[in-house]
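Remarks on the structure that follows.
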Amino acid sequence: MVKLTGYKKIKTAVFISGTGSNLKYLIKFSKTKQSPISINLIISDNAKAKGLKLGKIYKIKKKVFNFRKKYKFENQILSVLKEHQIKMICLAGFMKILSRNFISKFKGKILNIHPSLLPKYKGLNTHKRALDNHEKYSGCTVHFVNTRLDSGKIILQKKIRITKNETKSSLAKKILKQEHKIYPRAILKVFSL
Ligand code: GAR
């Protein structure tokens, strides 16, 4: 697993596509004494991602790569990650699928958060699908990224009850609140494995 070397925090990049609320909580966590990681780079595939504003607020470098030519941009990202001595990647609402080649370069060092109780509801529209199926519970999962979508080893999950009048947006809100808590806890767990 990921081992801490010396007393330095592990330089980490967070990949986002949108709001970046998970990014915000990861940044806050990274600034605590107990955090094994520092966040040194924000990568987005979307120039309009709201989360990019956090880069300015917290003085963290940010880079935007549009993924239309995936392999070309992934190679550019790999160079940037190397340049910044990034050793770990947290995907936080990043809506692109990374290639096998990219993942192999950071094997066991990429984490993702997903808004369902994996292995249920991989992919998109998780909340709608959970409600359509009359699930009693949903939740969120932090897992390692492997080459199959949302299928890597699970690190931590939080289960929440779906209430009677639950809507897609009320469920998303409840789950997101839990995501903010479990992502930092999952990172602590990874470093204690
Ligand atoms: C979160 O709910 C995250 O789990 C989900 O996108 C949202 C991003 O919110 N990720 C995925 O669906 C990945 N397949 P945020 O930008 O506020 O962190």
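Remember, it's 1-based here, ligands and their atoms both numbered in the order they're listed. Note that the coordinates shown come from a computational prediction; the quantities given were computed from them, not determined experimentally. All values below were derived from every heavy atom in this structure, side-chain atoms included, with hydrogens, water molecules and symmetry-related copies excluded.
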Q: With rounding to the nearest 0.5 Å, note down the distance linking NZ in Lys87 to CD1 in Ile10.
A: 8.0 Å
Q.
Against ligand 1, does Gly20 come closer than 4.0 Å with any heavy atom?
A. yes
Q) Take atom NZ in Lys158; do more than 12 heavy atoms of anything else shown fall under 6.0 Å from it? A) no
Q. What protein heavy atom is closest to atom 17 (O) of ligand 1, reported as residue, atom name and distance in Å?
A. Ser21 OG, 2.5 Å
Q. Closest non-hydrogen protein atom to atom 1 (C) of ligand 1, residue and atom name please, with distance?
A. Glu179 OE1, 3.1 Å
Q | Distance-only donor-acceptor check, side chains Asn46 and Ser17, under 3.5 Å | A | no
Q. What is the nearest protein non-hydrogen atom to atom 14 (N) of ligand 1, stated with its residue, atom name and distance?
A. His114 ND1, 3.7 Å
Q) Does at least one non-hydrogen atom of Leu176 fall below 4.0 angstrom from an atom of ligand 1? A) yes
Q: Would you check whether Asn112 has a nitrogen or oxygen atom less than 3.5 angstrom from a nitrogen or oxygen atom of ligand 1?
A: no
**Q.** Nearest heavy-atom neighbours spanning Leu26 and Ala92
**A.** CD1-CB, 4.5 Å
Q. Under 3.5 Å between some N or O of ligand 1 and some N or O of Gly123?
A. no
(Q) So, applying ring-ring contact (aromatic ring centres under 6.0 Å, His included) with Phe67, which one of Phe102, Phe15, Phe94 is it? (A) Phe94
Q) side chain to side chain donor-acceptor pair (under 3.5 Å) between Ser38 and Asn40: does it pass, once the steps are laid out? A) CA-CA 6 Å; Ser38 60; Asn40 301 76; 2.8 Å; yes
